[in-house]
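For the numbers below, each heavy atom of this structure counts, side chains included, while hydrogens, waters and symmetry mates do not. Residue numbers begin at 1 in each chain, while the letters A, B, ... track the order of the sequences.
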2 protein chains.
Amino acid sequence: MDKSSLFHQFVSFTATVHQVTHDLTQNVTIANITPLQYKILEYIKVSQPVTPTEISDCQHMSLPNTSRELRKLQERNLIEKISDTEDRRKQYIRLSIEGNKMMEEAFACIEERFLQLIQHATQDDIKDIQQALFILEQKVFQQKI
Amino acid sequence: MDKSSLFHQFVSFTATVHQVTHDLTQNVTIANITPLQYKILEYIKVSQPVTPTEISDCQHMSLPNTSRELRKLQERNLIEKISDTEDRRKQYIRLSIEGNKMMEEAFACIEERFLQLIQHATQDDIKDIQQALFILEQKVFQQKI
DNA sequence: TTATTTAGTTATCAAATGATAAGTAATGGA
DNA sequence: TCCATTACTTATCATTTGATAACTAAATAA
């Protein structure tokens, strides 16, 4: 087995992953949120509390643009900014009650669609899928370049 | 094992996939190509010949916008349009020599980075990865909603 | 203390992308 | 033949996103 043909399998796989995640997340954002804002909220949801700099790094956007989007999200009461007591330059961002509710609903919707995707999976299938996810995470995706 | 905790593992996994593919494809597009144009070329590369309608459907963009981007790509001699002899409304899009060369280089660059990612994988690891990709494709990603 | 660095903001501009209306030309059905 | 549909184009406008300069305030190093 050569690594080059594994590459082709990998490319095809990632294309499918992107396709499926697009389908799963399509139209979950009922509120008037831009795709970028959704991605930011999603990141805050799973990593809160986070600083603007962290968002900037992880979402590959400049700090000024991050600041702008966070301001819009705060104006819509979806997030809260809490300044660090130690270092008063720093801020911690977390979802507001409203923002959290919105993201919970979004995730519930995605989960529902995901469960449809694996509705025919047996208990053994589930175990296989879990194992496969684990192997890929460990042997491919958590490697550093 | 319940399906709900599998969902969380899945979400985390897809986030990692997006992260890694972003890193792999970063800065591969030396030519002055927008991200959208790159994605279109990538799709043409692996699926050619394709019609504008197919591109429109698969890339989730309107036909007018597809037409606009294809015009730009043709102006830069990266693609060719061939009209169908049967149905003269239809067109087939394929990469030009130049466009193909560009995409070959892009893929080579991505492959190089991918190989770095799995440089420490043994022959057994490769087999495991292959098997994991196969299982996920089959049991999760190829399911229809 | 003073200078430098860090964290974030505000403002502004340009480019990319999305949405929509109106059009052409070919096809296919009634 | 006439009408509806399909495939695609052109034009235009709005929105989103990216890039950059100039700024404030706090922390840290010299």
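With hydrogens and angles ignored, a donor-acceptor pair closer than 3.5 Å exists between the side chain of R68(B) and the base of dG18(C).
For the pair R113(B) (side chain) and D23(B) (backbone), a donor-acceptor distance under 3.5 Å is present. Looking at Q48(B), its side chain does come within 3.5 Å of a backbone N or O of L95(B) through a donor-acceptor pair.
Here Q59(B) lies out of heavy-atom contact (under 4.0 Å) with every strand. Residue K81(A) is in sugar-phosphate contact alone, with no base atom involved, counting any heavy-atom pair closer than 4.0 Å across all strands shown. Using a 4.0 Å heavy-atom distance criterion, Q91(A) is classed as a sugar-phosphate-only contact. Within the nucleic acid shown, T51(A) comes within 4.0 Å of sugar-phosphate atoms alone, with no base atom in reach, counting heavy atoms only. Residue R71(B) is in sugar-phosphate contact alone, with no base atom involved, counting any heavy-atom pair closer than 4.0 Å across all strands shown. Within the 4.0 angstrom heavy-atom criterion, base atoms lie near S62(B). Across all strands, Q37(B) comes closer than 4.0 Å to no nucleic acid atom at all (heavy-atom distances).
Each of dA19(D), dT27(C), dT10(D) was ranked by its minimum atom distance to the side chain of N65(A); first place goes to dA19(D). Proximity note for T34(A) (side chain, C-beta onward) versus dT17(C), dT16(D), dC8(D): the nearest is dT16(D). Nearest to the side chain of K90(A), among dA27(D), dT10(C), dA7(C), sits dA7(C). Proximity note for P64(B) (side chain, C-beta onward) versus dT9(D), dT17(C), dA11(C): the nearest is dT9(D).
Remark: P of dG8(C) and CD1 of I40(A) are 14 Å apart, rounded to the nearest angstrom. Put simply, CG on L36(B) is 17 Å from P on dT16(D), counting in whole angstrom units. Here dA26(C) presents its P atom at 10 Å from CZ of R89(B), a figure rounded to the nearest Å. When the P atom of dT17(C) is taken as reference, atom CD1 of I33(B) falls 11 Å away, rounded to whole Å. Straight-line distance from the CG atom of D84(A) to the P atom of dT6(C): 17 Å, rounded to whole Å. D87(A) places its CG atom 11 Å from the C1' atom of dA25(D), with the value rounded to the nearest Å. Here the P atom of nucleotide dT16(D) and the OH atom of Y38(A) are 17 Å apart, to the nearest Å. Straight-line distance from the CG atom of L73(A) to the C1' atom of dG8(C): 16 Å, rounded to whole Å.
Using modelled atom types, one finds a donor on one side chain and an acceptor on the other under 3.5 Å when comparing E111(B) with S4(A).
Mapped onto DNA chain D by nearest heavy atom, T85(A) and M61(A) fall at different nucleotides, with M61(A) at the one closer to the 5' end.
At a threshold of 4.5 Å between non-hydrogen side-chain atoms, the residues F10(B) and V140(B) count as touching.
In Q9(B), the CD atom is crowded: over 12 heavy atoms of neighbouring residues, nucleotides or ligands sit closer than 6.0 Å.
Residue Q37(A) forms a side-chain hydrogen bond (donor to acceptor under 3.5 Å, both in side chains) with just one option from R76(A), E69(A), K72(A), and that option is E69(A).
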